[in-house]
Amino acid sequence: MTYLDNGATTLRKPPQVVQAVAQAMGRYASPGRGGYPAAMGAAEAVYRCRELAGRLFEAEPEQVAFTLNATHALNIAIKSLVGPGDAVVVSGFEHNAVMRPLHALGAQVTAAGRRLFDPADTLRDFERAVIPGTKAVVCTHVSNVFGYRLPIEEIAALCARRGVPLIVDAAQSAGALPVSLRNLGAAFIAMPGHKGLYGPQGTGILLCGRAPKPLIEGGTGSQSRLFSMPEDPPDAAEAGTHNVPGICGLAAGIAYVLRRTPAAILRREQALLRQLTERLSRLDGLRLYCGPGQTGVLSVTAAGADCETAAAQLARRGVAVRAGLHCAPLAHESAGTLESGTIRLSFSDFNSSEDVRRAAWALAALQ
Ligand code: PLP
């Protein structure tokens, strides 16, 4: 199978990730729950993952909280800062993992920056939209539909100048772009462990620039006399038994990214994207959504073909892609593709030019 749905989850993982999960299952009990070797070993392994994530994202290990996925991390972040009726500014390219919690809270949401691949316009629009009284800004670093890289450093500087806390959704950038809690000065940065960090599904990270409010309450193995949750990260965000095998796999994934470097991974994905766009631009009837700085994600529409049907045809030819709205109707509304949806092809570090050739061949057969 040619797997080009890495924007959803990376299917191919470094072998050491799989080994780390299996090893942890046979070796570790729960961290912070005992002084015997299997519990102490678990605590060390979990802390090692915090250290590795801290190194990659320029954060202290204690600022790294483990979550189930990016959605869980975003829910903690948003519900720590936003209450009913609060004014929140988001980009025009947010995922439902941002929009639905805000909707459920009854926040007043303004979408700033609706133009695709136009960072200068995005920034100007944020400058207009972030006003006194704005309670928080929530912004994706990279659009999961189009690979559009938003000017997050400039948006972070704007938030700092105006004293508005920033939540960054790094779901599509972690592992491929520089993401620094220290440099961005964000209140929170949320990310999955199972995409560009090559960890298992069921893992995510919330980088905490400030204390998170617990989304759920329960045992943490710390401050056990209290009926209330500990107030500091990471414990405030980590009630209940950890996903120790998942976190060990995530540590192996992050170690892989640190060795390879995000810059080298991005270069590879962008090189594959260029090869793909070059091949596809020779085909009639395809519209490609491309722009400067694009990461390894490409959206395409095919004239006269419903994108879900087209994706099913690609699957029959052994090419796995995702079609439709990609849980991001706001992004499609911004780009004018809400009615049609798009076919999304997304690369990882494990794709090759052969995958590009097969995808182009399968898309050509749709004509
Ligand atoms: N935000 C963006 C931009 C995403 O692309 C995704 C997943 O596709 C999410 C959030 C949610 O991530 P998860 O599935 O890990 O909760």
Side-chain angles (χ1 to χ4, degrees), residues 3-11 13 53 65-79 88 90-104 109 111 113 116 122 137-150 152 155 166-177 179 186 188-207 215 237 243 246-247 249-250 253-254 269 289 294-299 311 320-335 337 341-348:
Y3 184 76
L4 293 175
D5 197 16
N6 296 288
T9 201
T10 46
L11 181 61
K13 312 286 183 186
F66 295 115
T67 62
L68 297 171
N69 45 44
T71 302
H72 181 201
L74 283 162
N75 267 267
I76 298 172
I78 289 168
K79 289 167 187 171
V88 177
V90 302
S91 84
F93 293 90
E94 297 306 313
H95 190 277
N96 276 342
V98 168
M99 298 309 288
R100 285 182 173 172
L102 288 172
H103 178 79
V109 179
L116 190 53
T122 299
V137 167
V138 192
C139 187
T140 192
H141 193 178
V142 170
S143 160
N144 64 310
V145 183
F146 300 103
Y148 166 39
R149 180 176 175 173
L150 282 83
I152 202 69
I155 290 169
L166 168 67
I167 299 170
V168 179
D169 177 355
Q172 297 292 333
S173 60
L177 289 177
V179 175
F188 297 102
I189 302 179
M191 63 188 71
H194 60 95
K195 299 187 203 259
L197 299 180
Y198 298 97
Q201 286 150 318
T203 60
I205 286 177
L206 180 65
L207 301 174
L215 194 61
N243 174 7
I247 292 168
L250 177 57
I254 295 174
E269 292 179 4
Y289 292 82
Q294 187 170 3
T295 62
V297 175
L298 176 68
S299 257
V321 300
R322 171 132 184 232
L325 297 183
H326 316 92
C327 299
L330 186 68
H332 282 281
E333 193 185 88
S334 295
T337 49
T342 60
I343 304 163
R344 181 187 71 180
L345 304 97
S346 49
F347 291 107
S348 85

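Indexing begins at 1, ligand by ligand and atom by atom, following the structure's order.
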Legend entry - Under 3.5 Å donor-acceptor, S143 side chain and V145 backbone: yes
Inset, instruction - Kindly say whether G246 contributes a backbone atom to a donor-acceptor pair with the side chain of N243 at under 3.5 angstrom? - result: yes
Can you list, pair by pair, the side-chain donor-acceptor contacts under 3.5 Å of residues 191-198, counting residues two or more places apart and other chains?
{"from": "H194", "atom 1": "ND1", "to": "T9", "atom 2": "OG1", "distance (Å)": "2.8"}
{"from": "K195", "atom 1": "NZ", "to": "G7", "atom 2": "O", "distance (Å)": "2.8"}
{"from": "K195", "atom 1": "NZ", "to": "A8", "atom 2": "O", "distance (Å)": "2.9"}
{"from": "Y198", "atom 1": "OH", "to": "D349", "atom 2": "N", "distance (Å)": "2.9"}

Legend entry - Atom pair CG (N96) and CG (L325), whose distance is rounded to the nearest 0.5 Å: 9.0 Å
Inset, instruction - Let me know which protein residues bring a heavy atom to under 4.0 Å of ligand 1; chain then number is fine for ordering. - result: G7, N69, A70, T71, H95, A97, T140, N144, D169, A171, Q172, P192, H194, K195
Legend entry - For the student: nearest non-hydrogen atoms of A323 and A311, plus distance: CB-CB, 3.5 Å
Inset, instruction - Please work out which of the three classes, parallel, tilted or perpendicular, describes the rings of H326 and H332, given edges at 30° and 60°. - result: parallel
